[in-house]
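As structure tokens, the structure follows; a few thoughts come after it.
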Amino acid sequence: MVKTTWIGDVQKGQYNGKEVELMGWIKRERGSNKLRFIVLRDSTGSIQCVGKLDALGEKSFNLLKGILIETSVILKGVVSASEKAPGGHELQISSMEIVGGVNSERPFPINEDSLRVVDENGSPLYGGSEFLLNHRHLYLRVGRQTTMLKLRSSAFGAIHNYFRGQEFIEYQAPNFVAGAVEGGSTLFEVPYFQDEDNPDQKVYLTQSWQLYAEAAMPALERLYTIAPSFRAEQSRTRRHLTEFWHAEMEMAWANNNDIMVHGEGVVRHIAKTMLDECEQELTSIDRDLDLVARYADNPYPRMRYDEAVEILQGKGVKIEWGEDLDHSKESVLTKDFDVPHFLTHYPKIAKPFYHRVDPDDEKYVLCHDLLAPEGYGEIIGGGERTWTEKEILERIDEEGTPRDPYQFYIDVRSYGGVPHGGFGLGVDRVVSWLAGATSIREVIPFPRTSRRFTP
RNA sequence: GCCGAUUUAGCUUAGCUGGUGGAGCGUGGGACUGUUAAUCCCAAGGUCGUGGGUUCGAGCCCCACAAUCGGCGCCA
């Protein structure tokens with residue numbers, strides 16, 4: 001059995017006047033006792049199909065009449081253009097076969113009502129409805145979720161495309177690691193590796209590919225990955241997952257500015273690719289195409305931390321120099337942004353040891369965050385790395401971080417260290433922002449949060 | 001971790017000053033030859049999140065717990 005006819009192509013008019021065989025699922029059903037309308041869907045779209053008693057015979061017609069939502073069927077018939085049919089085309093059914101049925105005692109649970117859940121402000125909660133999260137395995141096939149999966153695929157493709165086009169090599173790091181990347185972040189412990197003789201030896205799920213990428217930097221010079229990262233934070237927001245997809249790059253012979261060029265490059269390329277490949281999908285979830293085009297077509301301004309603090313103080317926000325910019329401060333700042341902005345040169349005290357100190361002013365580190373507008377916030381964090389053995393030892397000791405788990409990382413710098421850097425991009429966050437999703441959980445098939453690990 | 005909110009049928013929800021819980025969708029049965037979330041008639045479906053308390057009487061008042069959501073902190 002090979003499927004050759006796709007509903008999306010039928011709706012483009014490629015089969016007008018021809019007999020086709022459509023394989024798909026029942027999306028809706030209505031009609032009278034002599035005429036039934038069903039809407040059939042597949043992965044490419046949906047189409048109205050008409051079943052008439054005299055054309056089908058009593059037996060087939062009665063099957064059609066009692067058919068339940070999400071029954072899988074094969075329908076044969078002739079396609080015609082029709083102004084009355086949603087989408088512009090319809091199929092006159094000549095024969096039908098039910099492939100997989102649905103039990104009427106357990107009908108498909110997701111209906112229009114279940115999609116209309118709103119939060120206290122009246123905003124839809126597609127990504128935050130408990131019912132939809134519990135039924136994610138079935139929700140995936142409902143319009144808006146399917147669209148999100150397609151947008152996600154487009155973004156992943158665009159990332160590979162961008163980096164490979166820029167001569168980056170794809171490189172994989174282990175997911176079980178012995179040390180943390182982020183100083184303050186919470187790690188997921190993996191008990192499997194625990195050893196009675198050495199009970200203090202802990203193994204965790206990775207938070208970032210970065211440390212292992214730096215090890216391969218002298219070999220590959222330009223490398224990237226798209227891989228899951230894990231953070232055991234008790235975050236209760238629309239922007240956090242405990243398991244998220246992290247696109248990271250590392251680049252030799254590069255400074256902070258060189259890295260930002262690629263951060264801007266890849267994000268704009270994702271926006272452009274989505275517009276090119278998924279215009280229809282974006283429209284179907286009411287995303288403003290002009291906004292996405294603006295993010296694809298315009299350069300992303302850069303602003304130093306000090307300037308951001310001044311702006312915030314000018315707006316009456318309480319912030320002192322040296323404080324990190326948390327999300328509530330970021331959102332005040334990004335309110336006036338019409339495109340993403342880079343924030344650079346954070347104070348050294350606000351950032352971990354692997355960020356390189358600015359040789360021109362040792363109060364700062366050579367780093368950057370990319371902040372997305374519309375309240376979505378940070379989508380990239382990156383910068384230059386501390387690349388000499390002497391400096392990395394100083395900074396590790398200064399922070400009070402134990403050297404042991406990082407021995408391999410330090411060692412890399414003992415053999416021909418070079419200036420280098422990279423960034424991490426939250427793929428789910430970027431998709432969520434470009435799609436205008438109500439929550440990051442909308443754009444990942446099975447979200448994992450501090451309280452959600454099923455289905 | 002902190003703060004706030006929510007929990008009534010498979011789903012979405014109404015429920016007055018405390019007095020035997022209503023509806024829409026869905027499901028089952030019936031009517032209808034061009035519907036667009038079809039329409040119309042009928043039926044089934046509820047120990048009101050769990051446990052305790054106040055009361056003659058609790059979906060409603062009080063306490064505890066749980067689940068979930070939202071905001072913050074942390075970050076991609």
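Proteins come first, then strands; the chains are lettered A, B, ... in the order of their sequence lines, and each starts at number 1.
Distance Arg36(A) CZ to rU39(B) C1': 12 Å, rounded to the nearest Å. One atom, CD of Gln234(A), and another, P of rC69(B), lie 12 Å apart when rounded to the nearest Å. Going from atom CD1 of Ile69(A) over to atom C1' of rU27(B) covers 12 Å, rounded to whole Å. Distance OH (Tyr126(A)) to C1' (rU12(B)): 14 Å, rounded to an integer number of Å. To the nearest angstrom, P of rG28(B) lies 12 Å from CD1 of Ile67(A). Atom CG in Leu132(A) sits roughly 13 Å away from atom C1' in rG10(B) (whole-Å rounding).
Counting only distance, with no hydrogens or angles, the side chain of His345(A) and the backbone of Tyr305(A) share no donor-acceptor pair below 3.5 Å.
For Lys34(A) against rG34(B), no side-chain N or O and base N or O form a donor-acceptor pair under 3.5 Å. Side-chain atoms of Ser235(A) come within donor-acceptor range of the base of rG73(B), with a qualifying N/O pair under 3.5 Å.
With a 3.5 Å ceiling on both atom-pair distances, the Watson-Crick or G-U wobble partner of rG4(B) is rC69(B). With both pairing distances under 3.5 Å, rG19(B) is matched to rC56(B) as a Watson-Crick or G-U wobble pair. When Watson-Crick and G-U wobble pairs are counted only if both distances are under 3.5 Å, rA43(B) pairs with rU27(B).
Candidate nucleotides rC32(B), rU35(B), rC72(B) were compared by shortest atom distance to the side chain of Lys65(A), and rC32(B) ranks first. Nearest nucleotide to the Arg231(A) side chain, out of rA76(B), rC11(B), rC69(B): rA76(B). The Asn111(A) side chain lies nearest to rG26(B) when the options are rC32(B), rG26(B), rC72(B). Comparing atom distances between the Asp113(A) side chain and each of rA76(B), rC25(B), rG34(B) picks out rC25(B) as nearest.
Judged by a 6.0 Å distance limit and a 45° cone about the ring axis, Arg304(A) is not positioned over the six-membered ring of Phe342(A). Judged by the 6.0 Å distance and 45° axis criteria, Arg144(A) is positioned over the aromatic ring of Tyr126(A).
Between Glu323(A) and Lys329(A) there is a salt bridge, with a side-chain nitrogen of the basic residue lying less than 4.0 Å from a carboxylate oxygen of the acidic one.
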